[in-house]
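In what follows, a single structure is set out as structure tokens and then discussed.
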Amino acid sequence: MTVPSHHPGDTLLIDYAGGALGEAASLIVATHLALCPCCRLNVAEMEAVGGALLDEIEPDEIDPSCLDAVLARLDEHPPMPRAARPVRPAKPVETPLLPEPLRRYIGDDLNALRWKTLMPGMACVDIPTGDSARARLMRLRGGVGPPHHTHDGLELTLVLDGGFTDELGQFARGDLAVGDDSVRHRPVADPEGCLCLAVVDGRLNLTGALGRFLNPFIRF
Ligand SMILES: [Zn+2]
């Protein structure tokens, strides 16, 4: 199994480890973790540091200044070792195409899912979660992609099979792309096609002349 080269970044991982993410974002970060030993290690260390801090705080210290106390203590701790050091699993483990925890939501049979066509060569399955962010499994034929777009909120895309390329780089299995309202991009599926999990928090806005025309009609 190759190690992914695009990761969620510290902010998302800290929020994940602290339970501060919504269900859809947690699902996509957890699915990335299933494919990424580096981020698994980082999250384990974050959880260990968080647990140690909780143990150190006396119950009567928990008051409105608690956050300041925790932040001050975080400063006292040495920086977490980064994922740059080699991580070798004891034994290579074959990860299924749809890893846990995604399988818990949609099972493992892609053909049993109710695919909805968004545009020629692009289909999706909505994944019900308990928050307002939208989680979807997306399947794109090679060379296909949505028009140029930006987002009002956060867009997270995790490649499960195949890959895609956009202005930010090439993304393969396990890679997580993080987009926000500062990113205007047009992902295009690689020739072998792309299966990915996408979480969008906020509306997607198509840009360019065609995109502006399609905006009222298409909701990705
Ligand atoms: Zn990672």
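Atoms within a ligand are numbered from 1 in the order they appear, just like the ligands themselves.
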Is the backbone of Leu97 close enough, under 3.5 Å, to the side chain of Asp161 for a donor and an acceptor to pair up by distance?
-> no

Side-chain (Asp175) to main-chain (His6) donor-acceptor, under 3.5 angstrom | yes

May I have all residue pairs that pass salt bridge (Lys or Arg N to Asp or Glu O under 4.0 Å) and include part of residues 96-106, sequence neighbours excluded?
-> Glu100-Arg104, Arg103-Asp108

With sequence neighbours left out, write down each residue that passes side chain to side chain contact (heavy atoms under 4.5 Å, CB included) with Val125, or none if nothing qualifies.
-> Leu113, Trp115, Leu137

Quick one: give me the number of protein N/O/S atoms under 2.8 Å from the Zn ion (ligand 1).
-> 4

If we only count heavy atoms from C-beta on, is the Leu98 to Leu110 side-chain gap below 4.5 Å?
-> yes

Sequence neighbours excluded - salt bridge (Lys or Arg N to Asp or Glu O under 4.0 Å) pairs with any residue from residues 110-130 = Lys116-Asp126, Asp126-Arg136

